[in-house]
S.K.: 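Please see the structure below; I have some questions.
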Number of protein chains: 2
Amino acid sequence: MSSRDKILRAASRLFRKQGYHATGLSQITAESGAPRGSLYYYFPGGKEELAQEAIQLTGKRIKAYILSAISREADPVKAFQSYIQMMADGIEEYIMEENDDIPIVSVASETWSFSERLRQTCEQVYQDWQLVYQDKLLQSGYAPETAETLSVAIQAMIEGAYVLSVTKKNGRPLSAAAEQIPFLLKRS
Amino acid sequence: MSSRDKILRAASRLFRKQGYHATGLSQITAESGAPRGSLYYYFPGGKEELAQEAIQLTGKRIKAYILSAISREADPVKAFQSYIQMMADGIEEYIMEENDDIPIVSVASETWSFSERLRQTCEQVYQDWQLVYQDKLLQSGYAPETAETLSVAIQAMIEGAYVLSVTKKNGRPLSAAAEQIPFLLKRS
DNA sequence: GTCTATAGTTAGATAGAC
DNA sequence: GTCTATCTAACTATAGAC
């Protein structure tokens with residue numbers, strides 16, 4: 001693995017666990033093994049540019065993950081439920097584990113007023129994910145208007161349930177979100 | 001207003017906008033007018049203790065706000081919808097405004113692995129709010145089991161929609177959440 | 001291209017004057 | 001009780017050797 005990749009991975013790991021502002025560049029270089037200067041060689045924009053790339057990388061990885069998870073089931077109810085339930089089941093080990101995926105909800109709420117660049121990056125990632133949800137609903141026959149509103153609400157519920165689950169240190173909130181999917185999708 | 005209160009308010013304002021780690025004690029003392037030493041006199045536990053009190057204060061204020069907003073309408077659908085829609089309508093000015101209420105979702109996702117004390121404080125606040133939602137549902141005739149799961153899911157949707165709204169700089173995600181309330185509550 | 005050394009600033013915290 | 005002065009450690013960023 002290249003020096004650049006090692007820096008990116010170490011940064012992602014630390015941002016995930018500690019957030020953006022609590023993570024120092026010295027910590028990143030220490031964990032990655034790469035020296036201080038390399039970081040600024042590969043990421044001339046410093047911490048902000050590094051974070052942007054890390055967020056975009058997480059964005060791509062999770063997008064692929066959502067796509068594969070959601071397309072395993074034709075029925076949208078089962079598809080969303082199994083995806084969210086997977087998150088719920090994995091939350092305990094996720095808390096302990098050394099994971100490379102940064103929670104966008106964390107970076108977004110930490111940087112929306114601080115860095116326009118990072119705010120826009122988070123907005124873009126959210127947009128990408130939402131379109132995946134939206135497509136699934138469109139393909140399942142929902143009206144375009146409904147598919148959009150619904151996919152935004154589902155995304156909100158997932159992001160919120162994630163934070164609640166991490167705060168409570170258990171997967172119950174994510175499970176509760178999964179349980180509500182049928183009622184959201186079977187619109188009486 | 002006492003020195004202690006001035007410190008607490010300035011801290012809340014800054015934590016809301018910048019988050020926990022991005023806010024320095026020097027910034028808090030500068031904004032509050034109180035000198036450095038006073039902060040440690042009133043809050044011997046330093047930044048962490050100050051943040052804990054600020055979170056609890058927000059917890060109480062918002063709990064009272066939710067109670068009043070939610071009890072204006074007997075119908076739970078209308079009650080939740082009007083509360084969430086109020087958040088949506090206020091989000092643009094909320095972003096600009098000097099507000100004293102700290103978003104728990106922000107502090108929680110920033111401190112869950114960093115400070116057990118702050119994590120537990122956030123958990124407690126979430127618990128308080130959820131019970132308000134749950135009571136409303138119980139009073140409306142929902143089964144205890146349903147009321148609990150549903151209130152957790154609604155809370156998740158609100159917290160997530162808040163972050164999405166702040167990230168996108170508009171109230172649409174919160175509005176989308178409000179629109180889904182009828183489908184969540186009218187369980188077919 | 002890769003890395004070391006360090007500049008310059010700010011962080012949270014404390015000691016002690018009054 | 002209130003405030004000033006200051007500590008040490010950490011931060012981001014840069015200059016320049018190799």
Side-chain angles (χ1 to χ4, degrees), chain A residues 1-55 102 106-107 110-119 121, chain B residues 1-55 102 106-107 109-119 121-122:
Chain A
M1 186 164 46
S2 74
S3 251
R4 203 189 124 93
D5 281 345
K6 278 196 286 188
I7 293 171
L8 211 44
R9 286 191 58 169
S12 300
R13 243 189 334 263
L14 291 164
F15 285 151
R16 177 194 77 86
K17 201 179 166 194
Q18 308 176 335
Y20 179 80
H21 285 104
T23 301
L25 294 188
S26 18
Q27 218 181 345
I28 294 172
T29 51
E31 269 231 7
S32 69
R36 173 62 120 257
S38 295
L39 196 152
Y40 280 93
Y41 172 72
Y42 292 118
F43 306 94
K47 191 181 183 180
E48 204 176 348
E49 183 178 333
L50 174 55
Q52 181 176 29
E53 282 222 36
I55 292 167
I102 307 171
S106 152
V107 193
E110 227 184 320
T111 61
W112 64 270
S113 80
F114 163 81
S115 158
E116 181 61 14
R117 182 179 186 175
L118 293 181
R119 186 195 67 76
T121 306
Chain B
M1 187 163 45
S2 73
S3 249
R4 203 189 126 93
D5 281 345
K6 279 196 287 190
I7 293 171
L8 211 45
R9 286 192 58 170
S12 299
R13 242 187 337 262
L14 291 164
F15 286 149
R16 176 194 77 88
K17 200 179 167 195
Q18 309 177 334
Y20 178 81
H21 285 104
T23 301
L25 293 188
S26 18
Q27 217 179 345
I28 294 171
T29 51
E31 269 231 6
S32 68
R36 176 60 122 257
S38 294
L39 197 152
Y40 279 92
Y41 173 69
Y42 292 119
F43 305 95
K47 191 182 185 181
E48 204 177 348
E49 184 179 332
L50 174 55
Q52 181 175 29
E53 281 221 36
I55 292 168
I102 306 171
S106 152
V107 193
S109 65
E110 227 184 321
T111 61
W112 64 270
S113 81
F114 164 81
S115 157
E116 180 61 14
R117 181 180 185 173
L118 293 182
R119 187 196 66 75
T121 306
C122 291

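What's counted below: heavy atoms across the whole structure, side chains too, no hydrogens, waters or symmetry copies. Throughout, protein chains are lettered first and strands after them, A, B, ... in sequence-line order, and every chain is numbered starting at 1. As the structure is a prediction and not an experimental result, all values here were calculated from the model.
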S.K.: Compare the minimum distances between each of dT4(D), dC3(C), dA13(D) and the side chain of Ser3(A), then state the nucleotide with the smallest one.
M.R.: dC3(C)

S.K.: Select from Pro44(A) and Ser26(A) the residue whose nearest nucleotide in DNA chain D is closer to the 5' end of that strand.
M.R.: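 Residue closer to the 5' terminus by nearest nucleotide: Ser26(A).
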
S.K.: Please state how far atom CD1 in Ile7(A) lies from atom P in dG1(C), giving the value in whole angstrom units.
M.R.: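 Rounded to the whole Å, the gap is 16 Å.
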
S.K.: What closest approach, in Å, do Leu118(B) and Glu48(B) show between heavy atoms, and which atom pair accounts for it?
M.R.: CD2-O, 3.6 Å

S.K.: Please state how far atom OH in Tyr41(B) lies from atom P in dT4(D), giving the value in whole angstrom units.
M.R.: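 Those two atoms, OH and P, are 17 Å apart.
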
S.K.: For the side chain of Ser38(A), starting at C-beta, report the closest nucleotide among dT2(C), dA5(D), dA13(D).
M.R.: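 Closest nucleotide among those given: dT2(C).
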
S.K.: Calculate the interatomic distance between Arg4(B) atom CZ and dT2(D) atom C1'; express it in whole Å.
M.R.: 16 Å

S.K.: When you get a sec, tell me which of dC11(D), dA13(D), dT4(D) is the closest nucleotide to the side chain of Arg36(B)?
M.R.: dT4(D)

S.K.: Which whole-number value in Å describes the distance from Tyr42(A) OH to dC3(C) C1'?
M.R.: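 After rounding, the gap between these two atoms is 11 Å.
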
S.K.: Would you classify Thr23(B) as touching base, sugar-phosphate or nothing, given that sugar-phosphate means primed atoms plus P, OP1 and OP2, and contacts are heavy atoms under 4.0 Å?
M.R.: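 Touches sugar-phosphate only.
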
S.K.: With a 4.0 Å cut-off on heavy atoms, is Gly37(B) in touch with a base, just the backbone sugar-phosphate, or nothing at all?
M.R.: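 Base contact.
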
S.K.: Looking at CG of Leu14(B) and OG1 of Thr23(B), how far apart are the two atoms once the value is rounded to the nearest 0.5 Å?
M.R.: 5.0 Å

S.K.: Does a side-chain heavy-atom distance below 4.5 Å link Ile55(B) with Phe15(B)?
M.R.: no

S.K.: Measure from the side chain of Leu25(A), starting at C-beta and using heavy atoms only, and say which of dG1(D), dT12(D), dA11(C) lies closest.
M.R.: dT12(D)

S.K.: Between dA13(C), dC3(D), dC11(D), which nucleotide has the shortest distance from any of its atoms to the side chain of Pro35(B)?
M.R.: dC3(D)

S.K.: From the list dG1(D), dT12(D), dT14(C), which nucleotide is the closest neighbour of the side chain of Tyr40(B)?
M.R.: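 From the listed options, dT14(C) comes nearest.
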
S.K.: Should the pair Tyr20(A) and Phe114(A) be assigned to parallel (<30°), tilted (30 to 60°) or perpendicular (>60°) ring geometry?
M.R.: tilted

S.K.: From CD1 of Ile28(B) over to P of dA11(C), roughly how many Å is that when rounded to an integer?
M.R.: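 Interatomic distance, CD1 of Ile28(B) to P of dA11(C): 10 Å.
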
S.K.: With a 4.0 Å cut-off on heavy atoms, is Phe43(B) in touch with a base, just the backbone sugar-phosphate, or nothing at all?
M.R.: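 No contact.
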
S.K.: Drop me the distance from Gln52(B)'s CD to Arg117(B)'s CZ, to the nearest 0.5 angstrom.
M.R.: 4.0 Å

S.K.: Using whole Å, report how far CD of Gln27(A) lies from C1' of dT12(D).
M.R.: 14 Å

S.K.: If I take atom NZ in residue Lys47(B) and atom P in nucleotide dT10(C), what distance separates them, rounded to the nearest angstrom?
M.R.: 15 Å

S.K.: Between C1' on dT12(D) and CD on Glu48(A), what's the gap in Å once rounded to a whole number?
M.R.: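 Taking atom C1' of dT12(D) as the reference, CD of Glu48(A) is at 12 Å.
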
